[in-house]
Amino acid sequence: MGFSRLFRSRWAALFWSAGIVWTAYDVANDAPEPAATNATSGNTVEQSTDAAGAAFNADDLAILANAAG
């Protein structure tokens, strides 16, 4: 069924969109729950890391920003 034919009927479009919403709900519902062992306390401060996993701080970013001009 082509999209132009689908949207000629209000009911067909309604059922089609309900299927899209249902699919999105099912996909989002299957997301894994966060494990309780991975939870951090509110007092813990994580060190910022880049994509490679190396730690950096705000001074490193300031140096980079000044070097770029």
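- Note: Trp16 CH2 to Ser9 OG = 13.5 Å, rounded to the nearest 0.5 Å.
- Listed by chain and residue number, nothing satisfies the side-chain hydrogen bond (donor to acceptor under 3.5 Å, both in side chains) test with Trp11 (two or more places apart in sequence, or in another chain).
- Asn57 pairs by the side chain to side chain contact (heavy atoms under 4.5 Å, CB included) definition with Asp59, Asp60, not counting sequence neighbours.
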Could you list the donor-acceptor pairs under 3.5 angstrom formed by side chains in residues 20-28, with sequence neighbours left out?
unit_1: Trp22; atom_1: NE1; unit_2: Asp26; atom_2: OD2; d: 3.2
unit_1: Thr23; atom_1: OG1; unit_2: Gly19; atom_2: O; d: 2.8

